[in-house]
Amino acid sequence: MAGLSVIAIFSTWALVSASSPPNVLFLVSDDMRPEAAILGGKAITPNIDRLASLPGSLIFDRAYVQQAICCPTRSSFLTSRRPDSTKVWDLKTSWRQAGGNFTTLPETFKNNGYWTVGMGKVFHPGFKDDAPYSWSEPYFHATDGGISNNLSGNCFVPLQPPLKDSDLIDGKLALHAVDVLQQAQAQDKPFFVAVGLHRPHLPWNVLQKYYDLYPPSQIHLADHNQPPVNYGPAQQWSWDPESGPRHCGYMRSMSKKSDPAIGEYGLVPDDLALKFRRAYYASVSATDANFGVVLDALNASGHANNTIIVLIGDHGWQLGDLGEFGKKTNFERATRAPFVMHVPPQLQDSFPKLFSGAFPKRTDALVEFTDIMPTLVDLAGLVSMPLCPIQGKDIAYCTEGASLRPILQEPNNSSDFKEAVFMQYAHCMHDEMIWHDACADPAEPKVMGYAVRTRRWRYVEWVGFNKTTFPPTIHWDQLFGTELYDHTTDDTVGNVAESVNLQSQLPAVVAQLSALLHTGWRGVKTA
């Protein structure tokens with residue numbers, strides 16, 4: 001498995017002129033919750049761990065996406081707009097047609113003279129990968145004859161020799177990234193290189209050696225693996241326990257509407273849950289190995305001293321947590337995602353506290369994925385992004401986030417950066433294969449779940465929704481269900497925090513958080 005020590009990598013960085021614009025390496029994984037070892041997870045991830053441990057790196061332990069499903073979240077963080085602005089709540093809508101002709105993250109760098117190259121799953125598939133707007137070169141997709149993406153069986157296939165990582169889609173993407181980083185040495189301009197790996201998204205078809213890292217005897221069920229106590233009326237809008245595995249052939253056949261072996265709200269059986277958890281961890285380790293190949297190539301290219309690195313998952317994932325398997329909820333495990341940012345040594349003078357003291361460095365500041373784009377624009381010295389107005393449909397370049405520069409400058413004193421973060425989920429996008437229609441009705445979504453996460457609380461309202469206006473009309477008076485969860489004054493992220501719905505017990509807290517939710521992100525000050 002790829003890997004160098006922190007000292008070895010740091011000491012081998014090539015020196016470049018301090019006046020050179022920084023490069024950007026943007027690493028995206030699909031469906032990866034904060035499961036890396038250094039992020040507090042159970043997966044074996046030496047390469048993510050070493051990146052996060054480098055001088056200049058910062059782990060954002062409280063980073064939240066704006067909607068926990070692929071197309072909406074990617075449309076959001078790649079434009080720095082929230083789903084109600086992109087008008088993307090499903091898997092089939094393009095923000096350029098529905099929301100506005102917004103300038104993307106890579107497009108911004110391209111417009112500023114960068115060589116922008118993308119590969120794999122960066123934008124959601126189906127929209128030409130935002131070509132030609134975002135990229136300087138033809139976009140690259142890898143294929144492996146269907147081995148990696150075979151959903152017809154059990155969705156967890158330990159692949160046997162002679163297959164190697166380089167034979168599979170993500171391994172081929174990693175090797176293509178190696179080639180691109182080598183080509184970057186011949187460019188007379190800075191680069192923005194985006195690498196989107198497909199795992200640990202289903203199916204979990206990765207090499208046997210990654211499964212071998214996790215003996216079955218060491219795999220355990222999630223704690224609090226039942227729906228929240230006192231879930232109440234919110235459950236019918238919020239609950240979707242099989243949304244991930246039901247894509248697999250055998251569970252799909254068990255879930256048919258005619259005499260289903262597992263009904264719409266049935267829990268995944270424990271024996272399968274254990275296999276799913278093992279397969280997910282194996283896929284995270286495979287993803288880590290491929291990221292390691294890319295990180296080693298950056299180091300070998302001589303550009304590491306001047307390259308900002310961002311590593312993210314596009315959202316979280318539930319592995320039986322609160323009974324859920326999949327994303328597609330407003331729960332903590334679905335909306336909190338991995339986010340590591342590495343500021344290179346060339347920028348050390350602006351961020352000295354990232355390069356001194358003990359490592360790894362981490363922050364518990366509440367941040368959102370809409371903050372990523374304005375932060376990279378800021379660090380690269382590009383034209384700053386103004387705040388989007390409420391009627392921002394016709395404004396191509398603006399943000400609904402904030403630069404994280406203050407946190408990078410004061411990583412140990414940044415807990416109050418934001419009072420709250422916000423996310424949402426469309427009810428019609430629960431399991432789109434069998435029980436719901438994937439918002440196929442042109443009038444959908446008609447019910448939206450809006451959530452706010454403060455340092456202590458997560459509060460959710462499921463309300464009436466009209467998407468036809470801009471911005472959409474939220475019918476707060478049409479309230480179908482509410483959820484209130486106590487993460488305690490310790491700001492825990494464990495399942496216990498959301499194992500009991502407290503909305504009926506704490507009316508004063510509900511009233512306070514309801515007012516905050518209705519005010520929305522525009523009413524929250526940033527430090």
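For the numbers below, each heavy atom of this structure counts, side chains included, while hydrogens, waters and symmetry mates do not. Numbering of residues begins at 1 and proceeds along the displayed sequence.
- In this structure, Y425 has its ring center under 6.0 Å from that of H430.
- With values rounded to the nearest 0.5 angstrom, F351 atom CZ is found 9.0 Å from M341 atom CE.
- A ring-centre distance under 6.0 Å is not found for Y64 and F369.
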*Taking it one step at a time, do Q424 and N330 satisfy side chain to side chain donor-acceptor pair (under 3.5 Å)?*
CA-CA 6 Å; Q424 63 191 93; N330 279 317; over 6 Å; no
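- Ring centroids of F192 and Y114 are separated by 6.0 Å or more, keeping the two rings apart.
- Paired with R74 under the rule salt bridge (charged side-chain N to carboxylate O under 4.0 Å, His left out), one option of D130, D129, D30 passes, and it is D30.
- Between the OG1 atom in T103 and the CZ atom in F109 there is a gap of 13.0 Å [rounded to 0.5 Å].
- Under the rule for a side-chain hydrogen bond (donor to acceptor under 3.5 Å, both in side chains), the partners of T116 that lie at least two apart in sequence or sit in another chain are S136.
- Here the closest non-hydrogen pair linking Q67 and P83 is OE1-CB, 3.7 Å.
- Relative to the six-membered ring of F156, R278 misses at least one condition, a distance below 6.0 Å or an angle of at most 45° to the axis.
- In this structure D31 satisfies the salt bridge (Lys or Arg N to Asp or Glu O under 4.0 Å) test together with K327, sequence neighbours excluded.
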Taking distance alone, no hydrogens or angles, what donor-acceptor pairs closer than 3.5 Å link side-chain atoms of residues 401-410 to residues at least two apart or in another chain?
residue: S403; atom: OG; partner: D378; partner atom: OD2; Å: 2.7
residue: S403; atom: OG; partner: R405; partner atom: N; Å: 3.2
residue: R405; atom: NE; partner: D378; partner atom: OD1; Å: 3.2
residue: R405; atom: NE; partner: D378; partner atom: OD2; Å: 3.0
residue: R405; atom: NH2; partner: D378; partner atom: OD1; Å: 3.1
residue: E410; atom: OE1; partner: K353; partner atom: NZ; Å: 2.7
residue: E410; atom: OE2; partner: K353; partner atom: NZ; Å: 2.9

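- With R456 as reference, D486 is the one residue of D490, D486, T488 to meet the side-chain hydrogen bond (donor to acceptor under 3.5 Å, both in side chains) rule.
- Taking CG from L484 and CG from L502, the interatomic distance works out to 5.5 Å, rounded to the nearest 0.5 Å.
- A donor atom on one side chain and an acceptor atom on the other are not found under 3.5 Å apart for T73 and Q66.
- For the pair F26/L376, a side-chain contact is recorded, criterion being any heavy-atom separation below 4.5 Å from C-beta on.
- With ring centers used as reference points, F325 lies under 6.0 Å from F276.
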_Criterion side chain to side chain donor-acceptor pair (under 3.5 Å) on S415 and D364, from CA distance to verdict_ = CA-CA 6 Å; S415 293; D364 65 355; 2.6 Å; yes
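- A side chain to side chain contact (heavy atoms under 4.5 Å, CB included) with S29 holds for exactly one of T287, N290, D288; it is T287.
- Ring centroids of W462 and W239 are separated by 6.0 Å or more, keeping the two rings apart.
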_The test is ring pair (Phe, Tyr, Trp, His ring centres under 6.0 Å); show your working for W89 and W95 and say whether it passes._
CA-CA 10 Å; W89 307 283; W95 83 88; over 10 Å; no
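- Between the R362 side chain and the A52 main chain, no donor and acceptor come within less than 3.5 Å of each other.
- The only option from R333, E498, E332 that meets the side chain to side chain contact (heavy atoms under 4.5 Å, CB included) definition with V493 turns out to be E332.
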